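Scroll down for the structure; my scribbles are underneath it.
Keep in mind that what you see is a predicted model, and the values were worked out from it rather than measured. We count ligands from 1, going down the list as the structure has it; atoms in each ligand are counted the same way.
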Amino acid sequence: MPPSAITRRLSAMRTQTPSGFVRLGWPVMVERPLEWLRAQSVLPRFYWRSRGKDACEHAGIGCAHLVTATHEWEPAASPDGVETPRYFGGLAFDAEALGWPGFGACRFVLPRLELEHRAGRAVLYLNLYFDGRDRDAELDAAEAALNALRPALSPAPLTPTGFTRHDRPSAREWAEWITQATLLSDQARTPKVVLSRESRLATAQPVDPWILLNQWRQLAGDCFHFGFQFAPEAAFIGCSPERLYRREGTRLLSEALAGTSRRDGDPARDAALAAELLADPKNRRENQLVHADILARLAPLSHHASLAEPGIVKLRALQHIRRDIEAELHPWVRDRHLLAALHPTPAVGGTPRDAALKFIRRHESHRRGWYAGACGMLSHETTELTVAIRCARVTAGAVTLYAGAGIVIGSVPAAEWDELEAKIADVMSLLG
Ligand SMILES: C=C(O[C@@H]1C=C(C(=O)O)C=C[C@H]1O)C(=O)O
Ligand SMILES: [Mg+2]
């Protein structure tokens, strides 16, 4: 139950002419936002947690305002400088391609209710959005959302189920694509193209996406954790190591994350694998093409941009090369400019962008949808988006996994196929 001060505020608004965005918040006793989210019956439901051990968790339900094109989204700074709307959602990899049912090319939601969990404390926010709407209908919707709230559930284990796996492309088709992409003529057009595979795990038993996400994130500590469910049978979850960008005012953080090797349980061998990765020409090229593209695209948007030395990101089953990028943006730059510039990055598309997209559209027969898209949180002050990889789509009869690999000169089909396997290893270890 919301405190009486909140219900009084809502009643008072019925005799006023509220406008714009109104946010009311109060502390709640919720320890595990994902279990709170799983208990709610309202859709959409979504979950977002940025990378890093101090990151805040966000769980949202319902929709107070929907944005389906980033150029429509221009949230003003609030007059008191404290509260501005926060939208959660994402973009498809390729806005021109056929996407997944229920997702769309762009979908950012201002949740009706947003639970924020930080350092052991939870606050629930009720969002109202009055512009161009019937005041009483908006207040009715807000009250109905409060009345539909349910208490958090207890953590539940994943029900074991059997799956039958179907890969698209097959290993044989994959080898043909790699051969084609690494031909000299194709190399001249597209020095890097990121090709992907869909692994459909069909099952007769329903899989709860939130239970799966809860277990998955425990294997993927230093990653972005996300889940979006727009309809009962349209959920997308994942644990991605890659930041598309984080913007705090005019300060921008991005990164080139590309180049992959496996890990080894033995620390000395693991360190040797990391050193080999950093020195390997094929993996360096994958990474170099990403940071060169990001820096070139940021140049017109920023005063200066800097590139850090290469480092290694260690995940549970694999390691990547990462180079951090930092820029100071011109004051006129908005998220829509950044999205147009940085998405899709050569880490998941390739370079040059148009030629790589053409290659992907010509060869891949599965729908990428939001896989390799961008997802996260947008607001006037702070926006943060992850590159939507290491992810799964959960539908009525299947869990579908996606993985891609950057194909450059020197790519070998079998090794790139193994890289795809390593990229789905965490979630596969849960689904068995
Ligand atoms: C495309 C994916 O990952 C990307 C490709 C990488 C590579 O080829 O080395 C590494 C990290 C990501 O930028 C994926 O995980 O699906
Ligand atoms: Mg690679």
Side-chain angles (χ1 to χ4, degrees), residues 51 93-94 167 169 174 177-178 181-182 191-199 216 220 222-224 226 236 238-245 254-263 273-274 276-278 280-291 293-294 310-325 342-351 356-357 360 364 366 368-375 385-393 400-428:
R51 202 167 60 183
F93 168 72
D94 180 355
D167 287 339
W174 175 258
W177 295 0
I178 308 309
T182 49
K192 174 171 179 176
V193 54
V194 182
L195 295 174
S196 72
R197 181 187 70 189
E198 173 189 276
S199 300
W216 190 350
D222 204 13
C223 285
F224 296 90
F226 57 87
F236 178 56
C239 298
S240 168
E242 184 167 356
R243 171 183 274 155
L244 180 65
Y245 72 83
S254 183
E255 65 196 28
L257 184 100
T260 306
S261 85
R262 283 191 175 267
R263 294 206 55 190
L273 280 172
E276 265 171 50
L277 176 62
L278 284 170
D280 176 57
K282 192 221 57 146
N283 280 293
R284 285 169 66 131
R285 192 172 299 122
E286 283 183 61
N287 192 280
Q288 190 273 331
L289 290 165
V290 179
H291 65 70
D293 183 86
I294 295 178
I312 289 285
V313 171
K314 289 193 186 284
L315 304 174
R316 202 178 68 101
L318 39 77
Q319 39 196 339
H320 294 302
I321 305 177
R322 184 170 105 194
R323 294 191 75 166
D324 291 334
I325 293 170
L342 301 179
H343 170 73
T345 98
V348 289
T351 178
L357 285 176
I360 292 167
E364 290 186 1
H366 59 276
R368 284 196 182 197
W370 279 28
Y371 160 66
C375 65
L385 297 160
T386 183
V387 180
I389 53 175
R390 317 297 149 85
C391 54
R393 179 160 68 119
T400 308
L401 311 178
Y402 298 85
I407 308 304
V408 295
I409 198 104
S411 285
V412 174
E416 299 295 351
W417 186 265
D418 285 351
E419 194 171 306
L420 301 183
E421 285 305 294
K423 284 171 176 163
I424 61 168
D426 283 356
V427 62
M428 280 301 283

Discussion item. Between the Mg ion (ligand 2) and E419, which N, O or S atom of the residue is the nearest one?
Written reply: OE2
Worksheet item: Just by distance, with hydrogens left out, do E242 and T386 show a side-chain donor and acceptor under 3.5 Å apart?
Response: no
Worksheet item: Of Q288, R284, K192, which is the lone residue that meets side chain to side chain contact (heavy atoms under 4.5 Å, CB included) with V408?
Response: K192
Quick check on ligand 1: any N or O pairs to the protein under 3.5 Å? One line per pair.
| unit_1 | atom_1 | unit_2 | atom_2 | d |
| --- | --- | --- | --- | --- |
| ligand 1 | 3 (O) | R390 | NH2 | 3.3 |
| ligand 1 | 8 (O) | E286 | OE1 | 2.8 |
| ligand 1 | 8 (O) | G406 | N | 2.8 |
| ligand 1 | 8 (O) | E419 | OE2 | 2.9 |
| ligand 1 | 8 (O) | K423 | NZ | 3.3 |
| ligand 1 | 9 (O) | G259 | N | 3.0 |
| ligand 1 | 9 (O) | T260 | OG1 | 2.5 |
| ligand 1 | 9 (O) | E286 | OE1 | 3.0 |
| ligand 1 | 9 (O) | E419 | OE2 | 3.1 |
| ligand 1 | 13 (O) | E242 | OE1 | 2.9 |
| ligand 1 | 13 (O) | L257 | O | 2.8 |
| ligand 1 | 15 (O) | R390 | NE | 2.6 |
| ligand 1 | 15 (O) | R390 | NH2 | 3.0 |
| ligand 1 | 16 (O) | Y371 | OH | 2.6 |
| ligand 1 | 16 (O) | G404 | N | 2.8 |

Worksheet item: Taking atom types as modelled and ignoring hydrogens, do the side chains of S261 and H320 form a donor-acceptor contact shorter than 3.5 angstrom?
Response: no
Worksheet item: If you check every N/O/S atom of E286, which is the one nearest the Mg ion (ligand 2)?
Response: OE1
Worksheet item: Counting only N and O atoms by type, is there a donor-acceptor contact under 3.5 Å from the side chain of S254 to the main-chain atoms of L244?
Response: yes
Worksheet entry | Donor-acceptor pair, side chain of R316 and main chain of A220, under 3.5 angstrom | no
Discussion item. Quick check with a 6.0 Å cut-off and a 45 degree axis cone: is R368 positioned over the face of F93's six-membered ring?
Written reply: yes
Item to complete: Answer yes or no as to whether an N/O/S atom of E416 is found below 2.8 Å from the Mg ion (ligand 2).
Response: no
Worksheet item: Hey, is R197 close enough to E416 for a salt bridge, meaning N to O under 4.0 Å?
Response: no
